[in-house]
Amino acid sequence: MRRNKTRHGMKQKIASSLAIPEDILCDVPHFTLNDNRELQIENYKGILSYDESEVTLKAKGYKIVIAGEKLKITVITDEYIVINGTISALSFA
């Protein structure tokens, strides 16, 4: 675990010195929320559960939980996912 923290710290320093956004280099999720109707998440690791009221995604070291109404996955690739519907909450577990 200590080795992972050291790598992450080194990646942060490189990203900072090269003016590269940390989420690109460190493989952390990047969120784009358009109003409360569309959420795009880049760098997610997988879908853990999905229904009309809640979507749970796996991220590096934690879970991302999207709650709402009439949620629908409209785009899914290896790099990003787009969720549409009425998004009422975004939490991390």
**Request:** Using a 4.5 Å cut-off on heavy atoms from C-beta on, say whether the side chain of Leu39 contacts that of Ile66.
**Result:** yes

**Asked** Going hydrophobic residue to hydrophobic residue with side-chain gaps under 4.5 angstrom, can you get from Val65 over to Tyr62?
**Response** no

**Asked** So if you build clusters from Ile, Leu, Val, Met, Phe, Trp, Tyr with side-chain heavy-atom gaps below 4.5 Å, do Leu90 and Val82 land together?
**Response** no

**Approximate separation, where rounding is to 0.5 Å, of Ser49 OG and Glu54 CD** = 5.5 Å

**Prompt:** Are Ile64 and Thr56 close enough that some pair of their side-chain heavy atoms sits under 4.5 Å apart?
**Reply:** no

**Asked** Lys60 and Lys45: which non-hydrogen atoms are nearest, and at how many Å?
**Response** N-CG, 3.9 Å

**Prompt:** Which side-chain hydrogen bond (donor to acceptor under 3.5 Å, both in side chains) pairs, counting each pair once, include a residue from residues 77-93, with sequence neighbours left out?
**Reply:** Arg37-Thr86, Glu38-Asn84, Thr74-Asn84

**Prompt:** Is any side-chain heavy atom of Leu57 less than 4.5 Å from a side-chain heavy atom of Ile81?
**Reply:** yes

**Asked** Is the Phe31-Phe92 ring centre distance short of 6.0 angstrom?
**Response** yes

**Request:** Could you please spell out the steps behind the side chain to side chain contact (heavy atoms under 4.5 Å, CB included) verdict for Glu52 and Glu69?
**Result:** CA-CA 6 Å; Glu52 201 172 74; Glu69 297 176 5; over 6 Å; no

**Request:** Check whether any side-chain heavy atom of Lys70 lies under 4.5 Å from a side-chain heavy atom of Lys72, and answer yes or no.
**Result:** no

**Message:** I'd like to know whether NZ of Lys63 has more than 12 heavy-atom contacts from other residues, nucleotides or ligands below 6.0 angstrom.
**Reply:** no

**Request:** Please report the C-alpha distance between Leu71 and Ile87 in whole Å, then the side-chain angles of each, then the deciding distance to 0.1 Å, and finally whether the side chain to side chain contact (heavy atoms under 4.5 Å, CB included) criterion is met.
**Result:** CA-CA 7 Å; Leu71 299 178; Ile87 299 166; 4.1 Å; yes

**Item:** Side chain to side chain, Leu33 and Asp35, heavy atoms closer than 4.5 Å
**Value:** no

**Item:** Residues that Tyr50 engages under ring-ring contact (aromatic ring centres under 6.0 Å, His included), provided they are two or more places apart
**Value:** none

